[in-house]
Trainee: 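Structure in structure tokens, see below.
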Amino acid sequence: MNEFHLRFEQARDKNFWQRLNPDLHITDEAKPFTITPLEIDPAKLEEAKASLKAEGYFQVHKLLDPKLTTKLARGVENLHKAGWPTPFAIIYDEYWELFFSLQQLFEAILDKGYKQVPNFWCWYIPTDKNSKGWGHHRDRPSVNTVLETGLPATLTTWIPLTEATPANGCIYIVPSPLDPNYPPGDLDRRDLHELQNVRALPASEGDVLGWTEALLHWGSRSSPKAENPRISISFTFQRADQNPFEVPLFEPDRYQTFNERLGLIAQNVCNYDAQGKTSPEILFACRRLGGLIPTISVQDGVPRQILESDKRLSESMLWSLQEEYFEKQRQNLWTGDQFYSTNRMPFVEAYVELVTSALTDCSSLIDPEQPLYILEIGGGSGCFAYRFLNDFVENLEDFDNLKKVKLKYILTDFSEAIVKKWAENKNLNALYEQGILDFAVFKAQKDRKLELRRSGQTLTPKDIKNPLIVIANHVFDSIEQDAFRITNGILQESKVTVFREDPDGSFGAQPSLDDLHIVERFLDVEGPYYENAAFDNIMAAFRDEIKEATFTMPIGALNCIDNLAAFCDEKLILISADQGYVRFDTERTTGLKKLDFDRHGYCTFDVNFMAISRLFKENGGTSLVENLDYSGLRVAFNSMISNRFQNTAHYFKHYLQRKNFLDSQLQIADLIKNGLRAGDYESSRVALFLSIVKAFNYDPQMFAIAHKDLLDERFKDLEEMNVQVRSELQETLHRTIRNIYIIDDNHKIFDSILRLYIQIDWFEECLKFSEEIIETYGDVSTAIDHAALSCEALKKYREAYEYFQRATRLPTSDRDWAAAGMKRMGKVLLQKGDSIVKFTIARAN
Ligand SMILES: C[S@@+](CC[C@H](N)C(=O)[O-])C[C@H]1O[C@@H](n2cnc3c(N)ncnc32)[C@H](O)[C@@H]1O
């Protein structure tokens, strides 16, 4: 057995501890203490309270029997000699009994029912010049624990087991009246204003010291002049009528079991290893033993509601809340400008190229007589599907062996509400009419059939003859994950406790994901973890390869892949994009890190792309993952088809990855957005405008941005366009219009296009486009306004009059502007003797 495992085995062996300190005891039973607490002179108690109020600390002299403290000091010394961190002292009953014996003191200060906070330490400071106590600090700088009475809600108790002197590192304090930052001051500050304010607290064995958690204090440096090592022990207590300051709280009047003591010691040793003195072997043992009690968590007196405890992450309530959230949101998440980058045109372009390459790579497997299905899971707004299909259909035309495929795009989401919304969407309907799109509700982890909403057809695995292309964007980072860590070859699972905190204590009825927090408890994984050998193999490989790391298993994604592979008889091509990581040696994963998630109303966890890659590779497939460290959104191409995917790999490596295409597009967009304002360009504004819009694959948002800064106020360049530029502009307008995807009632995106038409005097086109918008979406104010303007320019005064009139009735139009237009048109029409206008005006008068 190596030293790592030896320390672990020793630590959990009660007999080992018993042999180490035969004079001390270990009661492994959660029963009340049988000893009687000390009778303390009431005058001493009053004195301690008065001192706490006056100076933030107390020292009661000669309270404990020196014979006892000598015995306890010896116990600590034995631990020290055997190479164990001295906090292991509380494995023995006697150190718990020591604190229990002070019950009268604690009751005097904290009242009856006081609790033991899971925060303690035991020091052995040798007599040399390199040893010292803890540096100057307050025990709880995060929150004020001093009550208005001057007494504390929490109390640190510090008991010297040997004599503590200035020569061996005794405690120093700044009495509260001499510390301007003592409550109600700023507890984050620790400045020592005048060194003369510092007070040394030499103490004899048998004394008991205590202070509020706001008191500034430290342990000084030892020296060879010291006669004995400084041995001391400290524990924190709190009032019962306050919310916990740290959990789990202990009842101070009973024994804790052996395992509870071990768990408490182990966690404290890990938490305070910031001191850096613990050996790796012992730290390793403590990491494994910490899970014996719930994880210590700082609560600082804030009301907390525990919603669930010790769940596997994938079985946590987070996921059911997540499903409810998506179901409730419908498409509100994606309205307006809030499309994710996965719906923007450069991203669409990359996917169109990837799918096209993959199909050319395995064209020999495609039967043109059979439908070629593209299945999007977690389709969300539907915008990606709409934009992808338009471009993709065009792309197929370039390839003789692909142009005849019977393409069918199945847009799915697990949320019924979202799928219903698609059926009403005008953009998607147009594609449905072309026979290339259908919708279905589909839970990708488990469903084995697709009931198509529009055609009524049901697709089952036997209908999938061609390779199945699956698209999943920001789905795997929003579905179930499990969390683990590996420490020195031992795999530990993370069990999560989910809670929320509310300073008012008025928790709303329905928890919202944005308000939830988690604490993890780590337990060794023994034996297979999943019922799926492939998944367990992935974990086993990680365990063998990594020394120390924190990672997640995207179990939701793995289940989706398993299910989808079965759905298409392993002819699976999966293209996905998520936030996530591709290495174990980065800041994100190296060492032992706390798990957390991003909150956006729903939650997302980083995806471990290595797990997904392995699943495909172990099935003889291909896996390409963007591996740049700073990539925020990673695209992965994975397939189970045994094919070299040469075109795809080429495109992936040379285009997507080397250029960091997706991230750089977003960054360039940012640069353009802000850089355009500088205004000092060498090229013509129209040329710049066209280049930007084209570079972004005719992205409507980019069109609006470039239009605003380049063309909105400048007409000269536009007036001077030659025929070729005009035709390029026409093509650009046409393509950008095709990419507009409307959700709900947000039609702002039409503005810049309509405006540009007017600026370049393309009134016919402007009128036509406005009328199309009005026909499809009803009285969209920008379309009515522009229809009025184009009619006026085209001298269609009667229509112009009517559009202006319609505009005056729309709350979103500029009514004064519309009324002025109406008046202007009225005048012209009157001059022309238009009878209806005459009549309307007469009636208005
Ligand atoms: C973060 S959104 C991404 C939407 C879209 N793919 C995009 O990139 O804009 C996640 C989507 O996945 C859907 N979803 C969540 N869990 C799912 C599951 N188990 N199966 C299928 N869809 C799921 C949600 O309803 C939501 O539409």
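Order of listing sets the numbers, starting from 1, for every ligand and every atom in it. Worth saying up front: this structure is predicted, and the values here are computed from it rather than measured. Nothing fancy with the numbering, it's 1 onward along the sequence.
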Trainee: Run the ring-ring contact (aromatic ring centres under 6.0 Å, His included) test against Tyr530 and tell me which residues pass, sequence neighbours left out.
Mentor: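 Testing Tyr530 for ring-ring contact (aromatic ring centres under 6.0 Å, His included), a comparison that skips the adjacent residues, returns none.
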Trainee: Ignoring angles and geometry beyond distance, decide whether Thr342 reaches within less than 3.5 Å of ligand 1 through its nitrogen or oxygen atoms.
Mentor: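 N/O-N/O distance under 3.5 Å: yes.
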Trainee: Using a 3.5 Å cut-off on N or O atoms only, is Gln445 in polar contact with ligand 1?
Mentor: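 Gln445 vs ligand 1: N/O contact under 3.5 Å present.
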Trainee: Under a 3.5 Å distance rule, please check whether Asp413 uses its side chain to pair with a backbone N or O of Val419 as donor and acceptor.
Mentor: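 Not at all, since once roles are kept as given, no pair shorter than 3.5 Å links the two residues.
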Trainee: I need the atoms of ligand 1 closer than 4.0 Å to a non-hydrogen atom of Ile418, numbered in the order shown.
Mentor: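 The atoms of ligand 1 under 4.0 Å from a heavy atom of Ile418 are 25 (O), 27 (O).
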Trainee: Could you tell me whether the side chain of Asn608 and the main chain of Phe551 form a donor-acceptor pair under 3.5 Å?
Mentor: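 No, the answer is negative, given that no donor and acceptor are paired below the 3.5 Å cut-off.
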Trainee: Is it the case that ligand 1 has an N or O less than 3.5 angstrom from some N or O of Val475?
Mentor: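 Val475 vs ligand 1: no N/O contact under 3.5 Å.
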Trainee: Is there a donor-acceptor pair under 3.5 Å between the side chain of Asn563 and the backbone N or O of Asn559?
Mentor: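 No.
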Trainee: In terms of relative ring orientation, are Tyr741 and Tyr386 parallel, tilted or perpendicular, with 30° and 60° separating the classes?
Mentor: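 Aromatic pair Tyr741/Tyr386 classed tilted.
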Trainee: May I ask you to list the atoms of ligand 1 that are less than 4.0 angstrom from any heavy atom of Ser478?
Mentor: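 Checking each atom against Ser478, I get 1 (C).
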Trainee: Which atoms of ligand 1 have any heavy atom of Phe442 under 4.0 Å away?
Mentor: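 Checking each atom against Phe442, I get 20 (N), 21 (C).
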Trainee: May I ask whether Ala444 has any heavy atom positioned less than 4.0 angstrom from an atom of ligand 1?
Mentor: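 Distance cut 4.0 Å: Ala444 passes for ligand 1.
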Trainee: Between ligand 1 and Tyr602, is the shortest N or O to N or O distance under 3.5 Å?
Mentor: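 Min N/O separation from ligand 1 is not below 3.5 Å for Tyr602.
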Trainee: With sequence neighbours excluded, give me every salt bridge (Lys or Arg N to Asp or Glu O under 4.0 Å) pair touching residues 453-476.
Mentor: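 Checked against salt bridge (Lys or Arg N to Asp or Glu O under 4.0 Å) - neighbours excluded - the pairs reaching residues 453-476 are Glu416-Arg453.
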Trainee: Please determine if Asn343 has a nitrogen or oxygen closer than 3.5 Å to a nitrogen or oxygen of ligand 1.
Mentor: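 In this structure, Asn343 places an N or O atom under 3.5 Å from an N or O of ligand 1.
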Trainee: Would a distance-only check, ignoring hydrogens and angles, find a side-chain to backbone donor-acceptor pair under 3.5 Å from Thr497 to Asp310?
Mentor: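 A pair under 3.5 Å: yes.
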Trainee: Does only the side chain of Phe326 get under 4.0 Å from ligand 1, or the backbone, or both, or neither? Count heavy atoms.
Mentor: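 Phe326 to ligand 1: side-chain contact only, backbone stays beyond 4.0 Å.
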Trainee: Answer yes or no for Ile377: is there a heavy-atom contact with ligand 1 below 4.0 Å?
Mentor: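 In this structure, Ile377 fails to qualify as a contact of ligand 1 - no heavy atom is under 4.0 Å.
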Trainee: Regarding ligand 1, does His474 bring an N or O atom to under 3.5 Å of one of the ligand's N or O atoms?
Mentor: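 No, no N or O pair falls under 3.5 Å.
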Trainee: Would Arg485 pass as a cation-pi partner of Phe522, given that its NZ or CZ must be under 6.0 Å from the six-membered ring centre and within 45 degrees of the axis?
Mentor: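 Judged by the rule (NZ or CZ under 6.0 Å from the ring centre, within 45° of its axis), Arg485 counts as positioned above Phe522.
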Trainee: Do any N or O atoms from the side chain of Asp361 and from the backbone of Thr648 form a donor-acceptor pair under 3.5 angstrom?
Mentor: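 Side chain of Asp361 to backbone of Thr648, a donor-acceptor pair under 3.5 Å: yes, one is there.
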Trainee: Within a distance under 4.0 Å of any heavy atom of Ile479, pick out the atoms of ligand 1 and give their elements.
Mentor: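 Once the distances to Ile479 are compared, the set is 16 (N), 17 (C), 19 (N).
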